[in-house]
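Let me begin by presenting the structure, written as structure tokens, before commenting on it.
These numbers come from a predicted model, not from an experiment.
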Amino acid sequence: MTAVETQITYTNSYTIQHEDAYMTQEEDWDRDLLLDPAWEKQQRKTFTAWCNSHLRKAGTQIENIEEDFRNGLKLMLLLEVISGERLPKPDKGKMRFHKIANVNKALDFICSKGVKLVSIGAEEIVDGNVKMTLGMIWTIILRFAIQDISVEEMICSTIATNDHGNWKDGLALCALIHRHRPDLIDYSKLRKDDPIGNLNTAFEVAEKYLDIPKMLDAEDIVNTPKPDEKAIMTYVSCFYHAFAGAEQAETAANRICKVLAVNQENEKLMEEYEKLASELLEWIRRTIPWLENRVAEQTMRAMQQKLEDFRDYRRVHKPPRVQEKCQLEINFNTLQTKLRLSNRPAFMPSEGKMVSDIANAWKGLEQVEKGYEEWLLTEIRRLERLDHLAEKFKQKCAMHEAWTTGKEDLLSQKDYESASLMEIRALMRKHEAFESDLAAHQDRVEQIAAIAQELNELDYHDAATVNTRCQGICDQWDNLGTLTQKRRDSLERVEKLWETIDQLYLEFAKRAAPFNNWMDGAMEDLQDMFIVHSIEEIQSLITAHDQFKATLPEADKERMATLGIHNEILKIAQTYGIKLSGINPYTNLSSQDISTKWDTVSQHFVPLRDQMLQEEVARQQANERLRRQFAAQVRDGGAWVTSEISHVSVDIAGSLEEQMNSLKQYEQNIINYKSNIDKLEGDHQLIQESLIFDNKHTNYTMEHIRVGWEQLLTTIARTINEVENQILTRDAKGISQEQLNEFRASFNHFDRVRRLPCLSHLHGLRSGQWSGGEVEFARIMTLVDPNNTGVVTFQAFIDFMTRETAETDTAEQVMASFKILASDKNYITVEELRRELPPEQAEYCITRMTRYVGPDCPSGALDYISFSSALYGESDL
């Protein structure tokens with residue numbers, strides 16, 4: 001089925017007839033309106049709004065469609081607005097026949113447009129027949145609003161965007177708007193289950209943005225089983241006219257833009273041509289005078305720069321202008337072609353800017369350019385010959401000037417006045433070589449003069465500079481000859497004087513060297529460090545120093561004789577004006593060195609040595625006093641420590657409490673003696689700071705006293721701890737004093753003979769079970785020496801003897817006691833512990849017992865069995 005067929009179905013309920021069907025009055029008009037009053041309501045509202053959308057252009061409107069058209073005036077006005085034509089002048093009277101006449105004029109105009117009116121007369125309209133009035137308006141809408149609308153244009157776009165095609169859900173109207181103006185409605189957000197919202201969205205957007213008045217009510221469309229198709233077609237036709245007008249305006253705007261774009265492009269090409277032509281002609285105008293300039297430069301470098309500028313013009317400046325000229329011709333031809341194709345008149349450039357004018361200017365430029373290049377090459381060849389001679393002159397002058405540089409200063413200097421004899425002789429030989437070199441350079445000076453004369457003859461542009469330079473070289477050459485002879489005379493005179501001075505230098509060196517060695521040895525001995533530890537040693541050093549001072553007067557005589565030779569040299573130099581270099585070629589020693597070193601020995605090191613020896617004497621005397629003082633103190637401390645150590649090692653009689661009191665008294669005495677030890681430490685520190693490391697007045701050292709006092713304090717503390725443990729063992733095991741004495745006697749015997757089987761023997765005597773086996777002996781040793789140190793303490797001995805001889809508590813006994821408290825249960829509760837035990841012991845058990853795991857035990861039950869085993873080391877608790 002296609003859009004041009006007689007009938008096109010576009011919704012579930014409506015059809016649109018072919019264009020011929022629109023012009024035929026419906027035969028069932030009365031029957032339809034009688035059957036469905038809702039249709040009449042929809043048509044009344046829709047047709048009224050449609051009429052007002054046109055009448056508002058004339059500044060009026062209708063309120064009641066069957067009343068306001070009765071006189072025919074607004075009906076005629078409506079037809080004039082929608083047709084754009086003038087109707088016959090209406091009758092102004094208010095009588096019935098006036099109204100009928102006006103309505104007939106309107107009906108006649110409708111019939112004149114090829115519309116066939118069936119059963120519609122002027123009397124029915126004048127009488128306000130609603131059905132006839134609505135039928136007439138529908139006929140007008142068909143003729144003037146729908147007849148020219150293509151079915152494809154009005155409907156197909158809606159079907160393409162709304163596959164369900166149902167006007168009642170509002171999606172068709174929204175799709176129609178979205179098809180032409182997607183910016184007004186977001187179709188993807190519409191919901192089919194919200195028909196009223198969709199319809200109101202379409203009505204509001206159409207009224208606000210498309211100038212289509214609201215002609216329908218969403219509720220009437222949704223709540224009516226079959227909405228009136230005439231009302232809907234009328235409303236939909238308004239969309240066609242709105243969109244058609246927009247498309248016509250867009251087409252017109254596009255046509256105008258296209259025409260203007262062509263015109264603007266042509267104008268731009270014209271402006272570009274004028275601009276390029278002006279710039280190119282201006283460049284040619286500026287360039288020709290530069291090329292016509294034939295003023296020659298005086299130097300080859302300047303002419304080469306002109307040639308380089310011309311080449312730069314050819315390589316850099318001219319090629320872009322060539323491209324501009326070519327582009328100008330291309331633009332001109334392109335512009336003329338576009339103007340001819342767009343029916344515009346041909347382009348005529350400004351006066352003097354025609355393509356031919358530019359070509360003539362360019363031709364003149366190239367002719368001037370050719371002549372300028374030929375002139376440059378000719379001038380360069382002319383200057384090349386002159387530059388060759390000038391360069392040759394400069395080269396020879398430069399070589400000569402380089403050779404003579406510093407020669408005048410060298411010949412004028414008086415270096416021989418401060419030189420030695422060997423240097424004078426070397427200078428004499430060097431001067432003889434210079435005289436030979438001077439004679440060899442005579443030929444170069446003559447060549448320079450010949451070249452300068454030739455440049456003057458050839459009228460060289462810088463001849464003045466050449467002459468000046470040549471004259472300077474000749475004057476300098478004459479001066480060099482004079483200075484050379486003067487220097488030879490001076491060197492010969494000074495050489496004879498230096499031979500006398502050299503002999504004196506040699507004599508000075510022979511006497512100065514031995515005397516200097518003697519002073520070096522004396523300085524070394526006087527600065528020699530010494531370390532002495534007694535007064536006797538420092539006295540021997542003082543005696544040796546006195547013997548050295550006795551030799552100083554004889555040494556001073558030798559010094560004066562040596563300095564006399566040096567004074568003779570100075571006298572000769574002063575008399576004949578010779579500048580001495582201050583350096584003796586035969587020795588590095590000078591008179592100043594001898595005098596300075598002598599003053600250092602006699603005035604500095606000798607008194608300093610005297611002072612150091614006296615200070616050392618005083619220090620050794622002070623050290624001796626410190627030795628004697630410390631020896632007296634350390635003897636008293638050593639005797640006290642030895643006495644106390646022997647006193648502690650003696651067995652103390654009496655009960656354990658009496659022994660404890662005696663030992664604590666001894667301990668307090670030892671602690672009180674600490675102040676004496678500290679005082680002795682202070683004196684020992686003074687001795688160490690004085691670097692005294694031996695003391696012949698005593699055999700005791702501070703280390704002996706310190707270690708002895710610490711050993712004494714440690715021994716008494718260990719003995720007190722042993723007695724305290726014996727008291728604890730006695731009280732815990734119920735051992736009498738007599739038994740302890742017996743154990744002590746046995747242990748002392750064991751300790752004295754170092755025989756471990758004695759322990760087993762004592763055990764066997766008391767138990768009557770000793771069999772002498774190695775297994776039993778090993779068991780006893782694991783008890784008394786668990787760490788396998790090889791030493792058995794008295795406390796371990798007592799523990800073994802009491803454990804073997806006395807009855808003690810066991811883990812089974814403790815478990816049995818807990819079972820009594822727990823009323824024969826295998827667990828015990830927190831409440832039972834707190835009730836039966838003192839608070840401290842109860843909390844101790846609660847914090848260390850693990851939770852009991854077993855059947856039928858209450859929450860919080862504790863395991864006293866594992867706790868009891870742990871007390872005796874039988875578990876991992």
Q: Carefully, step by step, assess Phe605 and Asp525 under the rule side-chain contact (heavy atoms from CB on, under 4.5 Å).
A: CA-CA 10 Å; Phe605 285 113; Asp525 293 339; over 6 Å; no
Q.
Apply side-chain contact (heavy atoms from CB on, under 4.5 Å) to residues Ile196 and Leu199 and explain how you reach the verdict.
A. CA-CA 5 Å; Ile196 293 178; Leu199 289 168; 5.7 Å; no
Q.
Is there a side-chain contact (heavy atoms from CB on, under 4.5 Å) between Leu713 and Glu710? Walk through the geometry before answering.
A. CA-CA 5 Å; Leu713 191 62; Glu710 292 173 354; 5.7 Å; no
Q) After noting the C-alpha distance and the side-chain angles of Met849 and Leu833, does the key distance pass the side-chain contact (heavy atoms from CB on, under 4.5 Å) rule? A) CA-CA 11 Å; Met849 285 186 180; Leu833 287 172; 4.1 Å; yes
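Residues Gly860 and Arg851 share a closest heavy-atom pair of N-NH2, 3.7 Å. Here the shortest heavy-atom pairing between Leu862 and Ile846 reads CD1-CA, 4.2 Å. Between Cys174 and Ala202, the shortest heavy-atom contact is SG-CB, 4.0 Å. Residues Ala822 and Glu832 share a closest heavy-atom pair of CA-OE1, 3.8 Å. Of all heavy-atom pairs spanning Cys857 and Ala861, the tightest one is CB-CB, 4.3 Å. In plain terms, the two heavy atoms of Val601 and Ala522 that are nearest each other are CG1-CB, 4.4 Å.
Considering only residues two or more places apart in sequence or on other chains, Phe818 meets the ring pair (Phe, Tyr, Trp, His ring centres under 6.0 Å) condition with Tyr864.
Once rounded to the nearest 0.5 Å, the distance linking CZ of Arg609 with CG of Leu541 reads 6.5 Å. Of the inter-residue distances, the one linking Lys664 atom NZ with Asn669 atom CG reads 14.5 Å to the nearest 0.5 angstrom. The CE atom of Met523 sits 5.5 Å away from the OG1 atom of Thr600 when rounded to the nearest 0.5 Å. Atoms NE2 and OG, on His178 and Ser188 in that order, are 7.5 Å from each other to the nearest 0.5 Å. Taking CE of Met815 as the reference point, atom CG of Asn826 lies at 11.0 Å (rounded to 0.5 Å). Atom CD1 in Ile716 sits 12.0 Å away from atom CG in Asn721 (nearest 0.5 Å).
Between the side chain of Asp528 and the main chain of Glu524, no donor-acceptor pair closer than 3.5 Å is present. Put simply, the side chain of Asn672 gets close to the backbone of Gln668: a donor and an acceptor are under 3.5 Å apart. Looking at Gln603, its side chain never comes within 3.5 Å of a backbone N or O of Asp599 through a donor-acceptor pair. Under a 3.5 Å cut-off, the side chain of Asp194 and the backbone N or O of Leu190 do not form any donor-acceptor pair.
Side-chain contact check for Gln539 versus Ile542: some heavy-atom pair is nearer than 4.5 Å. Side-chain contact between Tyr187 and Ile177 is absent, with no heavy atoms from C-beta onward closer than 4.5 Å. By the 4.5 Å heavy-atom criterion applied to side chains, Arg835 and Leu821 are not counted as neighbours. For the pair Met660/Ile720, a side-chain contact is recorded, criterion being any heavy-atom separation below 4.5 Å from C-beta on. In this structure, the side chains of Leu608 and His604 come closer than 4.5 Å at one or more pairs of heavy atoms. With a 4.5 Å cut-off on side-chain heavy atoms, His545 and Val606 count as touching.
No side-chain donor from either of Asp610 and Gln614 sits under 3.5 Å from a side-chain acceptor of the other.
Residues in residues 841-860 take part in these ring pair (Phe, Tyr, Trp, His ring centres under 6.0 Å) pairs, two or more places apart or across chains: Tyr827-Tyr852.
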